[in-house]
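Below is one structure, written out as structure tokens; the observations come after it.
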Protein chains: 2
Amino acid sequence: MIDEHFTNMLEKEKEALAKRIAGEITLSSDPGKTMRKWREIFGISQTELAEYLGVSSSVISDYEGGRRKSPGASTIRKFVEALLEIDEKRGGNVIRAFSKTFGSELPTNAILDIREFALPITIKDLVDAVKGEVVANMHLLDRRIYGYTVVDSIKAILEMSSEEFLKLYGWTTERALIFTKVTTGRSPMIAVRVQGLKPAVVVLHGVKKLDELAVKLAERERVPLIVSKAESEVELITGLRKLVEKTEKEF
Amino acid sequence: MIDEHFTNMLEKEKEALAKRIAGEITLSSDPGKTMRKWREIFGISQTELAEYLGVSSSVISDYEGGRRKSPGASTIRKFVEALLEIDEKRGGNVIRAFSKTFGSELPTNAILDIREFALPITIKDLVDAVKGEVVANMHLLDRRIYGYTVVDSIKAILEMSSEEFLKLYGWTTERALIFTKVTTGRSPMIAVRVQGLKPAVVVLHGVKKLDELAVKLAERERVPLIVSKAESEVELITGLRKLVEKTEKEF
DNA sequence: TAAGCTTTTCGGCAATTGCCTAACTCGACC
DNA sequence: GGTCGAGTTAGGCAATTGCCGAAAAGCTTA
């Protein structure tokens, strides 16, 4: 009974997300661009999506590239449904990441800020926003990221269970994971390695003396590592939010 | 500054509603049917919408009738934007009715229940759901309605300002207005008449002795008047909610 | 650096959309 | 009963979509 209720709630969240994505694509002045944005948020390749839909991959590329100015409702529907079904088959991490039910389960005092960008940005953009310095994997700065999560590393380590850590990383691989109250950077990077999942980039704020091991772990995992020189958490978050607003204006 | 903030909030609600409507149309297995549903919720005629969009009215009829199985994104976008812009020109009552901002301004203890149906129902359906008896305008029972508002008439009269009454009626003309704790039905019908607006149907619950003036006022306003014989408010609301669920299943 | 995988670009074509016009139906009202 | 406004139906047609396949280009990784 309770399980059934919970399942119905998740189903509603999925429907709401489907509607949100479909609405956004349909109302967009560049539907193809928005289609790409959401496909990348889900971390699905054009090839995989094409196979799932039973079309050739050039079809997906043509849509996302804007060759078709006004995709039909059927096409958008199939596209959106495929994204959600593929995600569900993978465990439903992205659906959960965008649902309110999931959001309310996290210890909110460890999480200082969570935002999405209206448009994908590069890690280079992020570096500027956090007054950062790249300390590992500089060659990977062209990666796209779609959002960020700012975590108080002390609170997170003290209060979050292993499962919650997993959830934190499991959102998408296309987000920046930002730790504040960091001393050497060792603990966050160990946590990243132990969980075996990869955020698109890790930002450390508050570093007194960077531990060489942190750099090595980042290089091993091929995760760009950035040290933020922002004066305070407020300044860090303000810079990030300005970046969010900037992408909203450009969109 | 505060005005600006408030305007931005309304703009966001409008965007959210646009996305909701567009998403629903796009994901629907019968987009035309959903387009009609939303046009009727806004109380806009096909003719007016067609003129606004600069097309002939047969175009709207063809879409809503399902002649086009997969309307393009551009078409849906123009349709949705037109609905919202026309409503805004009329004062934005429907946009507000569907926004959270508006909802939180009403005295919630006077309003016992507010719901939408997933599909339009006729007044006949409503009569059954509330164990009702039609006392005026029986020939108008084929009208479509899209939702209902149940109001405690005593609390509403004691606590609601004239402006709030106006808001209550101003939602759409496609909803049922249901008064509970009614003795003769005179006061609710006078309120209906004084405000000069027309709900699709009025239901009176708890009538001891129906005032003939109530019937006359209903006839004059051409508003179907129904007296509910439900044993209690709970039974009344339960019947209505069952009807909501029924439409959700059929949709 | 080479191989393998992913994505892009473009020509082609059948099917469908977006819109028109004209004729018709229905309900309300004078 | 006649008029008017709202809505429906269907034929027609130019423009666009939905999809294919092939060639080229780009990216990642060992």
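Being a predicted model, the structure only gives us computed values, none of them experimental. Note that these values count all heavy atoms, side chains included, but never hydrogens, waters or copies made by symmetry.
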Rounded distance (Å) that lies between atom [atom2] of [N] and atom [atom1] of [X]:
{"X": "E64(B)", "N": "dG18(C)", "atom1": "CD", "atom2": "C1'", "answer": "15 Å"}
{"X": "R143(A)", "N": "dC27(D)", "atom1": "CZ", "atom2": "P", "answer": "14 Å"}
{"X": "M35(A)", "N": "dT17(D)", "atom1": "CE", "atom2": "P", "answer": "12 Å"}
{"X": "L49(B)", "N": "dA6(D)", "atom1": "CG", "atom2": "P", "answer": "13 Å"}
{"X": "E51(B)", "N": "dG7(D)", "atom1": "CD", "atom2": "P", "answer": "11 Å"}
{"X": "Q46(B)", "N": "dC26(C)", "atom1": "CD", "atom2": "P", "answer": "16 Å"}
{"X": "I76(B)", "N": "dT17(D)", "atom1": "CD1", "atom2": "P", "answer": "13 Å"}
{"X": "Y63(B)", "N": "dG18(C)", "atom1": "OH", "atom2": "P", "answer": "3 Å"}

### Task
Sort out for me which residue in V201(A), V135(A), V127(A), L126(A) forms a side-chain contact (heavy atoms from CB on, under 4.5 Å) with P224(A).
V201(A)
### Task
Report which part of the nucleic acid G65(A) touches: base, sugar-phosphate, or nothing (heavy-atom distance under 4.0 Å, all strands).
nothing
### Task
Answer yes when D142(B) and K124(B) have at least one side-chain N-carboxylate O distance shorter than 4.0 Å, and no when they do not.
yes
#### Entry: Check ion pair E24(A)-K33(A) (N to O, under 4.0 angstrom)
no
#### Entry: Net bend of the helix from dT1(C)-dA30(D) to dC30(C)-dG1(D), end axes of five pairs each, nearest 10 degrees
50°
### Task
Indicate whether any N or O donor in one side chain lies under 3.5 Å from an N or O acceptor in the other, for T47(B) and S57(B).
no
Could you list, one pair per line, each protein nitrogen or oxygen that sits under 3.5 Å from a nitrogen or oxygen of nucleotides 27-30 of chain C, together with the distance?
none

### Query
Where the side chain of R36(A) is defined as all heavy atoms beyond and including C-beta, which of dT8(C), dG18(C), dC19(D) is the nearest nucleotide?
dT8(C)
### Task
Measure from the side-chain N and O atoms of D211(A) to the backbone N and O of T184(A), and report whether any donor-acceptor pair falls under 3.5 Å.
no
### Query
Tell me, for nucleotides 20-25 of chain D in 5' to 3' order, what letter each nucleotide earns: B for a base near a protein heavy atom under 4.0 Å, S for only sugar-phosphate near one, - for neither?
BBB---
### Task
Using a 4.5 Å cut-off on heavy atoms from C-beta on, say whether the side chain of I145(B) contacts that of R175(B).
no
